[in-house]
Amino acid sequence: MKKAFVTGITGQDGSYLAQLLLDKGYEVHGLIRRSSTFNTDRIDHFQLMDLLAAINPDEIYHLGAQSHVRVSFDMPEYTGDITGLGTLRILESIRKTGIKTKFYQASSSEMFGAAPPPQNENTPFQPRSPYAAAKVYAYYVVQNYRDAYGMFATNGILFNHESPRRGETFVTRKITRAATQIKLGIRDKLYLGNLDAKRDWGFAGDFVDAMWLMLQQEKPDDYVIATGETHSVREFAERVFAKLDLDYARHVVIDPRYFRPTEVDVLLGDASRAKKALNWQPKVTFDQLIDMMVLADLELAKKEKTLLDAGYSCANVERIS
Ligand code: F7E
């Protein structure tokens with residue numbers, strides 16, 4: 001039985017990937033963030049090494065990170081530590097324990113930043129946030145460990161990927177949550193930042209297939225994973241509200257709090273290498289993704305509505321408004 005070790009297993013991608021691996025018969029181990037107040041910095045790397053030596057996984061998927069771009073401007077050092085150095089810590093633990101494992105690094109399209117679209121594996125990085133800079137660092141460290149120590153280490157450069165399990169502070173989920181609550185009369189406004197930013201949005205469930213495929217290859221390489229379509233935040237909002245027979249312009253309010261000191265204007269991925277080498281392509285279309293998210297959040301909003309009508313207060317309604 002193959003064994004996998006997944007960091008960030010409680011996140012959106014971690015949950016889809018764990019499901020995929022379990023379906024394939026893997027024994028799956030996961031690492032989650034611990035909310036301990038003890039200072040364990042000096043021994044944490046031992047714990048990681050002990051863990052890796054004990055599990056001896058065939059594959060490691062490193063998805064754990066501080067992954068919110070806006071938050072990285074408020075917490076740049078923490079982001080550099082977790083998102084950048086976190087990757088180095090795992091690679092070092094692999095090297096020192098000498099386990100033979102394949103390693104997947106969750107690299108990001110944010111690394112392309114200001115580079116004009118379309119972006120592929122040969123596009124030079126122009127990071128536009130502390131998050132993106134940390135991911136660039138991790139990307140090069142992965143390549144270095146591959147070259148220096150012959151490790152099977154790959155970078156999956158994933159463009160934005162969403163689902164009903166997406167965190168509620170990312171723009172797609174923020175929109176589907178709010179629009180469905182507005183539909184049910186739970187709230188009236190949605191506060192957003194830059195509506196003109198364009199993203200290549202795919203379905204997270206499709207994208208984790210690509211992660212697994214990368215580790216089944218004979219040789220390690222780096223791959224862009226994207227849909228090859230780009231849409232603005234405005235268009236996403238417009239379509240979500242329209243599905244609910246609502247006009248986004250009546251409910252969306254621009255709030256400067258959500259603007260970023262430097263923005264990534266357009267991301268549009270060219271995943272032809274992955275298509276050719278991995279035989280991977282996305283299955284879920286942009287419209288299907290929106291349908292899936294709206295449907296799931298409509299169910300959630302209905303439950304909230306029932307609770308509110310019964311006199312319960314609903315923390316979530318306050319929190320994301
Ligand atoms: O923003 C704009 C915002 O936070 C998308 C992460 O998974 O994908 C994600 O990073 C766009 C940006 O994702 C709001 O300015 C407008 O242009 O959903 P997002 P992201 O920054 O693209 C990449 C691939 C990753 O690697 C990251 O880990 O939407 N936008 N108004 C807003 N964004 C947010 N969050 N909230 C707003 O109110």
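Counting from 1, the numbers follow the sequence of the chain as shown. Each ligand, and each atom within it, is numbered from 1 in the order the structure gives.
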- Task: Assess whether atom NZ of K2 is packed by more than 12 heavy atoms of other residues, nucleotides or ligands within 6.0 Å.
- Result: yes
- Per-atom filter on ligand 1: closer than 4.0 angstrom to a heavy atom of V69 are 10 (O), 21 (O)
- Message: Is the positively charged end of K183 above the ring of F241, judged by distance under 6.0 angstrom from the centroid and angle within 45° of the axis?
- Response: no
- Per-atom contacts, ligand 1 versus E110 - under 4.0 Å to a heavy atom: 22 (O), 23 (C)
- Return yes when atom CD of Q216 has more than 12 non-hydrogen atoms of other residues, nucleotides or ligands closer than 6.0 Å, and no otherwise. yes
- Message: Among all the protein's non-hydrogen atoms, which is closest to atom 29 (O) of ligand 1, and how far away is it?
- Response: V233 CG2, 3.4 Å
- Message: Could you tell me, atom by atom, which parts of ligand 1 come under 4.0 Å of a heavy atom of S108?
- Response: 23 (C), 24 (C), 25 (C), 26 (O)
- Answer yes or no on whether K24 is positioned over the face of W212, meaning its NZ or CZ is under 6.0 Å from the six-membered ring centre and within 45° of the axis. yes
- Task: Taking all non-hydrogen atoms of both residues into account, name the closest pair between S15 and R165 and its distance.
- Result: OG-NH1, 2.8 Å
- Message: Could you identify the single nearest non-hydrogen protein atom to atom 1 (O) of ligand 1 and state the distance to 0.1 Å?
- Response: R260 NH2, 3.5 Å
- Which of the atoms of ligand 1 are close to E263, meaning less than 4.0 Å from one of its heavy atoms? 3 (C), 12 (C), 15 (O), 17 (O)
- Task: Any chance you could lay out the side-chain hydrogen bond (donor to acceptor under 3.5 Å, both in side chains) test for D287 and T285, step after step, and finish with the verdict?
- Result: CA-CA 5 Å; D287 226 40; T285 65; over 6 Å; no
- Query: Is R70 touching ligand 1 with its side chain, its backbone, both, or neither, if touching means heavy atoms under 4.0 Å apart?
  - Reply: neither
- Query: Any idea which atoms of ligand 1 are less than 4.0 Å away from a heavy-atom of G193?
  - Reply: 14 (C), 16 (C), 31 (N), 38 (O)
- Note on the structure: Closest to atom 5 (C) of ligand 1 among protein heavy atoms sits V171 CG1, 3.7 Å
- Task: List every atom of ligand 1 that sits less than 4.0 Å from any heavy atom of H68, numbering the atoms from 1 in the order shown and giving each element.
- Result: 35 (N)
- Query: When you check the side-chain N and O atoms of D297 and T176, is any donor under 3.5 Å from an acceptor?
  - Reply: yes
- Does T169 approach ligand 1 within less than 4.0 angstrom via side chain, backbone, both or neither, non-hydrogen atoms only? backbone
- For the pair R173 (side chain) and R166 (backbone), establish whether a donor and an acceptor sit closer than 3.5 Å, ignoring hydrogens and angles. yes
- Nearest-option assignment for atom 12 (C) of ligand 1, heavy atoms, candidates R199, R173, E162: R199
- Note on the structure: Looking only at non-hydrogen atoms, the one of R166, K174, H161 nearest atom 7 (O) of ligand 1 is R166
- Message: Within the 4.0 Å heavy-atom shell around S109, which atoms of ligand 1 are there?
- Response: 24 (C)
- Note on the structure: A197 heavy atoms within 4.0 Å reach ligand 1 at atoms 17 (O)
- Short side-chain donor-acceptor distance under 3.5 Å, D196 and S232: no
- Side chains of T83 and Q66: do they bring a donor and an acceptor to under 3.5 Å? no
- Nearest to atom 13 (O) of ligand 1, what protein heavy atom do you find, and at what distance? N160 ND2, 3.6 Å
- Message: Assess, by modelled atom type and distance only, whether the side chains of Q12 and Y16 contain a donor and an acceptor separated by less than 3.5 Å.
- Response: no
- Please write down residue, atom name and distance for the protein heavy atom closest to atom 27 (C) of ligand 1. S67 O, 3.3 Å
- Task: Measure F259 to ligand 1 on non-hydrogen atoms and call it side chain, backbone, both or neither using the 4.0 Å cut-off.
- Result: neither
- Is the shortest side-chain N to carboxylate O distance from E299 to K303 below 4.0 Å? no
- Heavy-atom contact under 4.0 Å between K135 and ligand 1? no
